[in-house]
Amino acid sequence: MKNKIFLLFTLLSLAAVITTTSVISIAAYNKNFDAVKKEVAENAKYIAAGAGQNGSEYLASLPKSSTHRVTLISAGGEVLFDSRSNASQMENHRERPEVIAALELGAGEATRRSATLKTTEYYYALRLNNGDVIRLACETRSIGDSFNEFFIIAAAIAIAVLIISALLASKLTKSIIAPINNINLENPEKSKVYDELAPLVLRIKQQHMQIVKQMSRQKRAQTEFSLITSNMREGFLVLGSDGCVLSYNKSALKLLDSKISDASGRTALVLNRNGKFRTLLQNAFLGEKQSEVIRISHREILVTANPVVEDEVKGFVVVLFDITEKQEREKLRREFTANVSHELKTPLTSISGYAELMAAGVARPEDTKEFAERILTEAKNLVALIHDLMLLSKLEEAPPMQMQQVSLLSVCNNVKYRLEQKAAEKELTLSITGEDAELLGIPAVIEEMVFNLCDNAIKYNKQGGSVEVSILKEEACINLCVADTGGGIPAAEKERIFERFYRIDKSRNSTVPGTGLGLAIVKHGAMLHNAKVDVKSDANGSSFIVSFRL
Ligand code: ADP
């Protein structure tokens, strides 16, 4: 812009300088030429008068230094005298325009370049009375000479114009640009600008408002998106076509076990060096959706890469799910089904075996009673198993059972009543100590928990031992403890006994009937009541403590 203004100024100024110089040169030339003509005509008259009286003698007496060259030419054109050259050597002048005019009209003039003097001359000729022609010539300047005279001045002016133009262009550019640069883009209407900039300021204001609106809309969308994705348990990554991360959430880094704090702009392959992960991304790059379960830091992660295709692969959306728990649940379910089938099949096989023997009449009459008793025992076991299974599934489904105030002492008394016979058979003392305590719970479930603990305390006790149920109310909880004098539980088994169908050393327990579900029922019952179960055990006996939080 600055250069354009400078060029414009310079061209305009130079055009002005050249035009002015030309006009002045022409005017000066014309003025000078008129003066020369007048002077020559005056002089010619005097010299003609002198020459008319004394002829060539008069002419010879004229001072040689005169600026005018004087020539006397006969009517035939022969040069009779010339104040600057030898007349006899000069050619005939009859055809000179000024001579022709003088002979015809009495006076004539012409301007041309002199072949003799090699200068531009003004000629003025006058016809004498005797028919001869007296001619005066005076060197005159051409327009070019006149222009040359002004050239140095014009050049000086032109240089001055160039400098002034440069300065003016710079200043003018600054004065045009500065207000534009100083426009406050946040509040354009508050900027001080010249009138011509008002439409621009208005446009900037409108655009600024539009940008602010779009930015806030985009920010809101971005915040919503970040809020949603940051609270997602699932991980997600948006990758560009070059495999670099455009967007991600924290769960993605966590699931990929990446130590990188900021993944933006980094290639996804640095997030995890797992070969399967690399292959999955490479295959997705070919445009096919990929899905694979990848084991990362002892967890099973389902990684799905969806290519974003628009004519070509523009990027990927990678979603990561932690399916470890789901898979574990699946495994447990499979194990549970296998266990249930096995536990149901064992008594049924035995029942059908004895029944078959009896039906076929193979059993001896004296064995029939024993077979029938075995069938009865197995059937009771089956009923107990089905009862426990149904109870457990009820607890696991955690239906919204009605909670109510439960008296622990009356629950314990109920259980004592139900198990007294069983305890007596083993000559056990079954006692309840402590004060009554009430808690909010489901009476049937709490009774089932106490029953199972007491039943185990009897089953795994020694002959003539004791079972003590105590209730201890503390500040923040109520502890229910069932202690026995049995052989105890090995430390390594303390966790596992709460698993479904788990029984310690089945061969050792083979004489003790059980489903392996009693403690699983206790655990789930405790979970329903937000309580925790602890086991203390040694060779002298075991204590199961259920802590109900108040
Ligand atoms: P079961 O029907 O076999 O009693 P449980 O789930 O109630 O099933 O108990 C799991 C296992 O824990 C039992 O088989 C037994 O080996 C052990 N156990 C439970 N309670 C006691 C206890 N009081 N003393 C010793 N061992 C016990």
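Since the model is a prediction, treat every value here as computed from it, not as a measurement. What's counted below: heavy atoms across the whole structure, side chains too, no hydrogens, waters or symmetry copies. In listed order, ligands and their atoms are each counted from 1.
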Any side-chain heavy-atom pair from Met358 and Ile375 closer than 4.5 angstrom?
-> yes
Taking the inter-plane angle between the rings of Phe548 and His529 on a 0 to 90° scale, is it parallel (under 30°), tilted (30 to 60°) or perpendicular (over 60°)?
-> perpendicular
Close-contact set for ligand 1 against Arg503 heavy atoms, below 4.0 Å | 1 (P), 3 (O), 14 (O)
Asp322 bridged to Arg233 by N-O distance under 4.0 Å | no
Pull out every atom of ligand 1 sitting under 4.0 Å from any heavy atom of Ser542, numbered as shown with elements.
-> 24 (N)
Ranking Gly516, Pro490, Ala384 by closest non-hydrogen atom to atom 8 (O) of ligand 1, top hit is Gly516
Check: Ala520 N/O within less than 3.5 Å of ligand 1 N/O = no
Any side-chain donor-acceptor pair under 3.5 Å between Asn461 and Thr485?
-> yes
Any N or O of Ile489 closer than 3.5 Å to N or O of ligand 1 = no
Number the atoms of ligand 1 from 1 as they appear, then name those within less than 4.0 Å of a heavy atom of Gly514, with their elements.
-> 2 (O)
Please tell me if the side chains of Asn456 and Lys459 come closer than 4.5 Å, counting only heavy atoms from C-beta onward.
-> yes
Contact check, Phe544 vs ligand 1, heavy-atom distance below 4.0 Å | yes
Quick note on ligand 1: atoms under 4.0 Å from a heavy atom of Ile504 include exactly 14 (O), 16 (O), 17 (C)
Between atom CG of Asp388 and atom OG1 of Thr515, what is the distance when rounded to the nearest 0.5 Å?
-> 4.0 Å
Any idea which part of Asp484 is under 4.0 Å from ligand 1, heavy-atom wise: side chain, backbone, both or neither?
-> side chain
For ligand 1, does Lys459 get within less than 4.0 Å through its side chain, its backbone, both, or neither, judged by non-hydrogen atoms?
-> side chain
Between Cys412 and Leu480, is any pair of side-chain heavy atoms under 4.5 Å apart?
-> yes
For Thr515, the ligand 1 atoms with a heavy-atom partner under 4.0 Å come out as 2 (O)
Roughly how far, to the nearest 0.5 Å, is the CD atom of Glu234 from the CG atom of Leu320?
-> 10.0 Å
Interfacing atoms of ligand 1 (cut-off 4.0 Å, heavy-atom, Tyr502) | 10 (C), 11 (C)
